[in-house]
Participant: 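This is the structure I have questions about; it appears just below.
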Amino acid sequence: LLLFLLGTGVCSASESVPNLVGTWAVKSEAALLTKGNSPGEWTHHQTPLSTLTSEIVFTKQQGRVFYATFTSKLATENMAGVIGWDNKTLYLVDMDGFTDAAIVTPDKITCIYRHVGAKDAVVAAGVWTRVK
């Protein structure tokens, strides 16, 4: 029985890595703290409490490693990331922040973003929905 349970865990971990390549619509809510007159260069939020509609395009993926571009009406940022060993958790970095995300379905991802920079600090909760 123990060998069966251990073997089952190994099989679950070896599921195929999800393909993220494509365009995803983003909706997020954020809180912003500014340290001066205006937010930083790559900050997508401009008011203390805000909502944002934007887009993330996963441009390249090789196994668990990927690149993406996040675009809103205020800024465009390149991102790099990896898919966790559970094939459901995503870890991303951009020029000034970090995103932890979870694949909910093949076409829906939820995420938490945060950064602290010289001009501002942001925390946001978002939902990404696959467009194509």
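Keep in mind that the numbers below use all heavy atoms, side chains included, and drop hydrogens, waters and symmetry copies.
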Participant: Write down the atom of Pro18, the atom of Ile103, and the distance for their closest heavy-atom approach.
Facilitator: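 The pair with the smallest heavy-atom distance is CG-CD1, 3.6 Å.
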Participant: Is any side-chain heavy atom of Thr99 closer than 4.5 Å to one of Phe70?
Facilitator: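 Of all side-chain heavy-atom pairs linking Thr99 with Phe70, none is under 4.5 Å.
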Participant: Under the side chain to side chain contact (heavy atoms under 4.5 Å, CB included) test, which residues partner Thr69, sequence neighbours left out?
Facilitator: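 Checked Thr69 against side chain to side chain contact (heavy atoms under 4.5 Å, CB included); matches are Thr59, Thr71, Thr76, Asn78.
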Participant: Check whether any side-chain heavy atom of Leu20 sits under 4.5 Å from a side-chain heavy atom of Ile83, and report yes or no.
Facilitator: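 Leu20 vs Ile83: side chains touch.
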Participant: Hydrophobic side-chain clustering at under 4.5 Å (ILVMFWY, transitive links): who's grouped with Tyr91? Put none if nobody.
Facilitator: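 Its cluster mates, by chain and number, are Val65, Val82.
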Participant: Please step through side chain to side chain contact (heavy atoms under 4.5 Å, CB included) for the pair Lys35 and Lys119, ending with a clear verdict.
Facilitator: CA-CA 5 Å; Lys35 300 176 185 178; Lys119 291 188 166 191; 5.5 Å; no
Participant: If you link I, L, V, M, F, W and Y whenever their side-chain heavy atoms are under 4.5 Å apart, who else ends up in the same group as Leu33?
Facilitator: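 ILVMFWY cluster around Leu33 holds nothing else.
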Participant: Yes or no on side chain to side chain contact (heavy atoms under 4.5 Å, CB included) for Glu55 and Val26, after CA distance, side-chain angles and deciding distance?
Facilitator: CA-CA 5 Å; Glu55 175 180 272; Val26 175; 5.6 Å; no
Participant: Scan for side-chain hydrogen bond (donor to acceptor under 3.5 Å, both in side chains) pairs involving residues 121-132, sequence neighbours excluded, and state none if there are none.
Facilitator: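 Applying side-chain hydrogen bond (donor to acceptor under 3.5 Å, both in side chains) to every pair that reaches into residues 121-132, excluding sequence neighbours, yields Asp107-Arg130.
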Participant: Heavy atoms only: give me the nearest Ala101-Ile109 pair and the separation to one decimal.
Facilitator: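 Here Ala101 and Ile109 meet closest at CB-CG2, 3.7 Å.
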Participant: Under the rule for side chain to side chain contact (heavy atoms under 4.5 Å, CB included), what residues qualify as partners of Ala80, not counting sequence neighbours?
Facilitator: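 Ala80 satisfies side chain to side chain contact (heavy atoms under 4.5 Å, CB included) with Tyr67, Val93 only.
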Participant: Looking at every heavy atom in both Asn87 and Ser16, which two are closest together, and how far apart are they?
Facilitator: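 Taking Asn87 first and Ser16 second, the nearest heavy atoms are ND2-O, 3.6 Å.
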Participant: As a quick check of understanding, evaluate side chain to side chain donor-acceptor pair (under 3.5 Å) for Asp94 and His115, giving each step before the final call.
Facilitator: CA-CA 10 Å; Asp94 60 34; His115 81 237; 5.7 Å; no
Participant: Is Arg114 close to Asp100 at the side-chain level, that is, under 4.5 Å between some pair of heavy atoms?
Facilitator: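 Yes; the side chains approach each other to less than 4.5 Å.
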Participant: Please evaluate residues Met79 and Val57 with respect to the criterion side chain to side chain contact (heavy atoms under 4.5 Å, CB included), reporting the C-alpha separation (whole Å), side-chain torsions for both, the decisive distance (0.1 Å), and the verdict.
Facilitator: CA-CA 10 Å; Met79 303 177 84; Val57 178; over 6 Å; no
Participant: Considering only heavy atoms from C-beta outward, does the side chain of Leu32 approach that of Asp120 to under 4.5 Å?
Facilitator: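 A side-chain contact exists here, since the closest heavy-atom pair is under 4.5 Å.
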Participant: Looking at every non-hydrogen atom in both residues, tell me the closest pair between Lys108 and Trp24 and how far apart they are.
Facilitator: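 Nearest heavy atoms, Lys108 then Trp24: N-CZ3, 3.8 Å.
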Participant: Do Tyr113 and Phe98 come close enough that some side-chain heavy atom pair is under 4.5 Å?
Facilitator: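 Side chain of Tyr113 against side chain of Phe98, heavy atoms only: no contact under 4.5 Å found.
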Participant: Which atom names give the shortest non-hydrogen contact between Met95 and Glu77, and what distance separates them?
Facilitator: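 The pair with the smallest heavy-atom distance is N-OE1, 3.7 Å.
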Participant: How far does OG of Ser28 sit from CD1 of Ile112, to the nearest 0.5 angstrom?
Facilitator: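 So the gap between those two atoms works out to 10.0 Å.
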